[in-house]
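Lettering follows sequence order; numbering is per chain, from 1.
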Amino acid sequence: MMKSILKILITIFLAGTIAACDYLDVVPDNVAVIENAFSDKYNAEKFLATCYSYIPNFGDPWINPGLLSGDEVGTELSRSLPQFLGWRTARKEHVCGHPRLQHLPGRDQTGG
Amino acid sequence: MNRGRIFPWVQFAAKFWVPWLAIFLLMVPVLQLSAKGHSLKGDTRAGSTEQAVTENQITPVAESAWPGEVTNDSQQPARRTIRGKITDQQGAPLPGVTITILGTTRGVITDNDGSYSIDVASTDRLVYSFIGLESQIVDVGNQTTINVTMKEKTEELEDVTVVAFAKQKKESVLASIETVKPEELRVPSSNLTTALAGRMSGIISYQRSGEPGQDNAEFFIRGVTTFGYKKDPLILIDGIELSSAELSRLHPDDIAAFSIMKDATATALYGARGANGVILVTTKEGREGKAKVNIRWESSMSQPTKNIELADPITYMKLHNEAVRTRDPLGELPYSPTPYVYPATDWQNLLLKDYTMNHRLNFNISGGGTVARYYISGGITQDNGILEVPKENDFNNNIDLKKYVIRSNVNINLTKTTEVILRVHGNFDDYRGPIRGGTETYQMIMRSNPVLFPAYYAPDEANKYVQHILFGNFGNGNYINPYAEMVKGYKESSTSMMLAQFELKQDLKFITEGLHFRLLGNTTRDSYFDVQRSYAPFFYYVNSYNNRTDEYKLRLLNSDSGREYLDYLEGQKEVASTFYAESALDYDRTFGEDHTVSGLLVGIMRQYLKGNAGDLQRSLPSRNLGLSGRFTYAYQTKYFVEFNFGYNGTERFSANERFGFFPSAGVGWYVSKEKFWEPLLPTFSKLKLKATYGLVGNDAIGSDSDRFFYLSNVNLNDGNRGFKWGADGGYSRNGVSISRYANDKITWETATKTNLGVEVGLFDKIDIEADFFTEYRTNILMDRLSFSTFGLQAATKANVGEASSRGIDASIDVQHNFNKDLWLTARGNFTYAKGIYEKVEEPDYSATPWKSRVGQPITQQWGYIAERLFVDDKEVANSPRQELGSIVMGGDLKYRDINNDDRISSLDQVPIGFPTTPEIIYGFGASMGYKSVDLSLFFQGSARSSFWILANNALLKAYADSHWSEANRDIYALWPRLSYKWENNNLVRNTWYMQDGTFLRLKSVELGYSLPKNLYQRFGIEYMRLYGSGTNLLTFSRFKLWDPEMGGNGLGYPVQRVLNIGLQISF
C-alpha cells in the first residue's frame, strides 16, 4: 500500500513536470512578425516603401559629400552650430583614423 | 495553432495544477495515516525524552500546588527523597520544570525558586524537561541531591551545510560551497552587499558609490566568465529568487545561513540559471521556548573617505585663461587680469556637509511551543545624504532614505510528521532627495565654475520685494548652477516589495524511513513610483557695480523660462509580480554502519510578469520550469560520490532549444578518517579531497528586452522608414523596420566547470579550505559582424562566443581559547579569478594581433600607450601623425606607433593595464575577547585592476599643480597642455590616466563591551552589549586623489567612512 502511494507520488511528480512543457509557450499567436508584412497589398507596399526609404537624400548637405566637401561652399565652423561633416571633410578632417563622412551609412561613423 | 488561443493561464492550470491538486488530495489520507502512526508509535517511543515531556505536561502533576509526590507505587523497594535545584545557563532558577521518572508517568514540577524533591528508587532514571530547553536524563544512583543546569535546544547540528534545495552534512558535501556566519556580515551600514567583499572566498566585489540607496556593491562569484548581460549570481532568499536590492536590505540578525555556491555540483540543480553562481540565504525560524526579544540600535556618523581637493578660485581663473591662450593665442580671455571683480564660490563648502548622521533600529522576537514557533522581526533605517540644506530654501533637499523591513516566519507542526511554514516578508523604502540624484549633484558641484557667478545674490534695490531666490548665472542663463539645481525641487520615490510564502513539509517515514516531501508556493509583488516637484529658478547676473556706494544692479537672465511656483512631473512606475512553486521529494538513509544514500528530486516553476513592460513581447511572462535531482552515496563516511542534474526550460527559446540538461558529478575522499592516518591526527586533524565536474547554464542572454530570439521583432508601421511617390509625394506609405531577425537556433550559455578542492584541519584549531577551479563557457550570444552592404536592418546574433576562467579561492579559519576568559578567532580568505575571451566574433586581426580580444581578460580595456607629453610643436611635426580628432600641439600626449605605419590610429590601440574588475579580492581579520570586552578587526584588499581618471572639466588641485605649460614644459606632468575645449587627442583612453586599483583598507573595527549582568538583570534584561564600530577607517593605496575603490567614478558620490555606536539588548 505504502509502496504504491510512493509510486503514484513519483509518477505524478514526473508527469506533472513533463506535462507542463506548454507552460513555457508564453507567446500567443498573432504577435507581429515579418510575415505580417506580406499579408496583403497594402502591407506589401509598405515593405516596398521601406526599400525606397534607403535612397540617399541627395539634397541633404549632411549626407551628400558632393555639396560641401568640394571646398566650393563653406559654412561657419563654430562650436554652437551643427558641424556639417562634408565641410569638415573639405577641411581635411576626414582622415583614416577618424572618418567623418561615409557615403553608405550617411553619417559620421566614429561618433566624434 | 489552435491551442495557443486558449488563455495561457487556463493551459497552465490544466497542465500543471491538476497534478499538484492530485498530490494535495493524496496528502489528506497521508496526513491522517501519519497522525495515526504517531499515536500508535507513542507507546514504543515512550522511552524517548521528547515523549516524556509531552506526556507529563498533561498529567495531573502539573496542576498540583505543592510540588511533591503524586502517585505512590508502594511496591518499589529502597525509596528515598532526592532534592535539587534547576537553573538555566545563566544560573537563574527555573520554575515549572517537569521531572519525571523514566518509563512511568510519575513526576513533579519545580517551584518558584527552581527547587524540587521527588521520591525515587536508586535504579530509577530522572528526566528533566522544560519547553524550549534540552531534556536531560540523569541516573539516580546513590545521589541525594541532583542539581541540573538546563541548556537551550540547539536548533540544528553545527556541521550542516545548506546546499541547493536541501541541507547536507558538512562532511559529505563535495560541492564548493562557502558558508559565512551572519555575524561576519554585520557592518554598520544598512546595505548588506557592502559587507561581502573579502568576507568569503569566491566573491569578487567592489563598491563604486556611497550614495544612500545607490550604494549596492557589485559582486560576482569567481569573477566574470561571460560577456553577456547577466554576469551576477542568482540570489535566493529562502529559496526565492530576488534581486541584489532585496539582498542589500537583509539584516544580518535575521540571517540563519548565508552561503555561496561556486562549482557545478553546487549549482547544477539550478540548471539554466546557475552558471554565474548562486547566493543562498535562509532566514531564521522560531525556536521552542519563551519569547526572546533582541533589540539592536545603531547611530552612525558618515563622511566621505576622502574629499576631493579642487584648485582655489584664483588658480582656476589663471589656468582657465592659460587654457584659452595656450591653444589659441588670439583667444578672448575669460577673465580680466584683475581677479577682484569675480565672486569666489566654494560649491563644495556651500552644498556639502562634513558629515551626516544615520540611524538604524532592528528588533526580532522569537519563541514558540511544541506546536508552533515564530520568528518576527522588523527594522527601520534612516540614511541621510551629505548634502547641505540651505536655510533660504523651503524644502529639505538632502537625501533622506528610510527603509522599513518586516518579516514573519511561522512554523506549525500539524501532526508529528507534518510541518507548515508561513513566511511573510516586506521591504518598503521611502526616498526623498534632489531631483538629479546624489551622484549627479556631486558631479555638478565638482565641475562648476567657481568664479563665474555666486550661488545666489542678496536682493538689490530693484529686487527687494521679489519672492524667489536670486540665483546667479551667466551668459544666457544656461550655465549649471549646482545650488539652483539642488534647491529647485525634490524627488520622492517609494519602493515596496511584498513576499508571501507557504511551505509544507511532510515526513513520509510511514512509506519508508528517510523519505520527505516538501511543497512551496511563493508570490512576490514589487512596485515603484516616483514624483518630482520643482520650480524653474530665476537666474540673475550683476549688470553694474558702483564701488563707491558698494551697490550692484542685477539683471534677470531668464524672465521667460523662470517659474516661482512648483511644477509636477510623474516619473516611472513599475509593478511586477513573481510566482514560484517548488516541490521536492528527498530521501536520506544510512543502511547499516557503512552505506549512506540520499536522493532528491525537485520540480520548480517560476513566472515573472511586468506590468509596464513597454511592448508586447516584453509584456509576456518570463517563465522557468525545471526538474532537478541529486543522488549521493557515502561509504563509511570516507568515500563519497554524488551526481546532480538540472533539466531546465525557459520561455526565451524555440521549442527545440527550450529545455536543457545540465549534469554534474563529484567524488570525495575523507583521507583523515582512514586507519593509516591515525598517527597524523593530532597534527592534521582533517584532510578531505574532493573533485567535481559538470555543466551549468545561463538563459539570461542578449538583453532583458530582447527575449524571444525565435521570433522576429518588427514594427510594421514605422514612419521613419516610409516613402512618398507620385506627384508631390501624394502617394505615401509607412515602412517596416526590423529590430530582430528570427533565429530558432539560439540557446543558452553553457558553463563547464571543474573544481578541485582540499579541506585541511590542523591541531583541531585551524581550518583551511582551498579550491582550484576552471570554467569554460560556450554559446555566449554575440552580435555577428555585419556591414551595411548586407542590407540588414538589425544585427544578427548567434551563440558563437566562448570564454574561460580559472582561479583559486581559499580560506583559513583559526579558533583558539587561551583560557576561560580569553579567546581568539581569526579568518582570512583569498580569491583569484581571471576570465578571458576564448572565441569572439571580430574582424581578422592577424595583421594587428594586439587588437584581438582572444586571450585577453573580459573587462580588459584597449587604449593608446602614452609615452610622454610632446616637448613642443616641432616634435609633433616630426612624430607619427596623431589623427585622433583634434589638433595636436606641444604638451599634448604622445602615443606610441605600434604598427609602425607612421600614424597613430585605432590600429595602435593595445590592451592596457589590468581589467576593470579586480582579479584578486582578499580579506583577513581577527576577533578576540577577554571577559566581557570583545574586539574585532577586519582588513580587505583588492588587487589587479585598473581604472582611468576621468577626463573632464573638474580642475583638481593635483592637475593645477602638475600640468604642462609653455612656461614650465614638464613632459611628465600629470596633466597635458590645458585646453578650454574637448581635445580628443588627450581624452581617448590611454595609459597616461591609467591608475592602479590596488588597495588595502581597514574595512571594519568593532569594540564591544557586555555590561555586567547585575546592572540590569532585575529589569528582566538578559544581555546587554554596548559597542562602537567603524568602517573604511584607513585606506592604503598608491592612488591619492580619491577613494580607489570608486575607480573611474571618482567625482561621484563618495564611498563613506562610518563611525558608529550601537546597543544590543536581549530579554
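- The CG atom of B:Asn734 sits 9.0 Å away from atom OG1 of A:Thr50, with the distance rounded to the nearest 0.5 Å.
- The OH atom of A:Tyr23 sits 9.5 Å away from atom CD of B:Glu651, with the distance rounded to the nearest 0.5 Å.
- The number of heavy-atom neighbours closer than 6.0 Å to CG of B:Asn476, taken from other residues, nucleotides and ligands shown, is 12 or below.
- The shortest side-chain heavy-atom distance between B:Phe708 and A:Val26 falls under the 4.5 Å cut-off.
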A:Leu24 and B:Thr650: CA distance, side-chain angles, deciding distance, side-chain contact (heavy atoms from CB on, under 4.5 Å) verdict: CA-CA 6 Å; A:Leu24 297 179; B:Thr650 167; 5.6 Å; no

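- Note that the CD1 atom of B:Ile738 and the CD1 atom of A:Ile34 stand 3.0 Å from one another [nearest 0.5 Å].
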Test side-chain contact (heavy atoms from CB on, under 4.5 Å) on B:Leu620 and A:Val27; report intermediate values, then the result. CA-CA 7 Å; B:Leu620 296 170; A:Val27 180; 4.0 Å; yes

For the pair A:Ser53 and B:Arg721, evaluate side-chain hydrogen bond (donor to acceptor under 3.5 Å, both in side chains) and give the outcome as yes or no after the intermediate values. CA-CA 6 Å; A:Ser53 74; B:Arg721 285 267 80 95; 2.9 Å; yes

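- For the salt bridge (Lys or Arg N to Asp or Glu O under 4.0 Å) condition, no pair includes a residue of residues 46-57 of chain A, sequence neighbours left out.
- Qualifying ring pair (Phe, Tyr, Trp, His ring centres under 6.0 Å) partners for A:Tyr54, counting only residues two or more places apart in sequence or in other chains: none.
- Note: B:Gly722 leads B:Ala742, B:Ser732, B:Ser737, B:Gly722 in heavy-atom pairs under 4.5 Å with chain A.
- Contact annotation for B:Asp908: neither backbone nor side-chain heavy atoms come within less than 4.5 Å of a heavy atom of chain A.
- A 4.5 Å side-chain heavy-atom check between B:Leu616 and A:Val31 finds at least one atom pair inside the cut-off.
- A 4.5 Å side-chain heavy-atom check between B:Phe723 and A:Leu48 finds every atom pair outside the cut-off.
- Residue contact with chain A, scored on non-hydrogen atoms closer than 4.5 Å, is absent for B:Ser622.
- Options B:Gln617, B:Arg740, B:Gln793, B:Arg881 differ in how many heavy-atom pairs under 4.5 Å they form with chain A, and the most are formed by B:Gln793.
- Taken from CH2 in B:Trp725 to CD in A:Glu45, the straight-line distance is 6.5 Å, to the nearest 0.5 Å.
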